[in-house]
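Take a look at the structure set out below.
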Amino acid sequence: MSGRPSWDLAATLPLPLGVLGHEGSTVVVGRNGLRLLREAARVKAGAGSGQSVAHGS
């Protein structure tokens, strides 16, 4: 992700690559949010049943 701003400062960035970078970062943020929600749901489910929850899988 850090290459895109550098490229934009050094040369012109073609529009399709700019759109791809923007949409790609949106997908990364969305997937990260879903991952955090999934982990929170596991912790909440595990807290009520007294079971330990393994992280990192």
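Computed from a predicted structure; not experimentally measured. For the single chain, residues carry numbers from 1 onward in sequence order. In what follows, every heavy atom counts, from backbone to side chain, and hydrogens, waters and symmetry copies are set aside.
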Return each pair, listed once, that meets salt bridge (charged side-chain N to carboxylate O under 4.0 Å, His left out) where at least one residue sits in residues 13-22; pairs must be two or more places apart or across chains.
none

Check which hydrophobic residues are tied to Val19 through side-chain heavy-atom contacts below 4.5 Å, counting indirect links as well, and list them.
Leu15

For Arg35, enumerate each residue passing the side-chain contact (heavy atoms from CB on, under 4.5 Å) test, keeping only those at least two apart in sequence or located in another chain.
Asn32, Arg38, Glu39

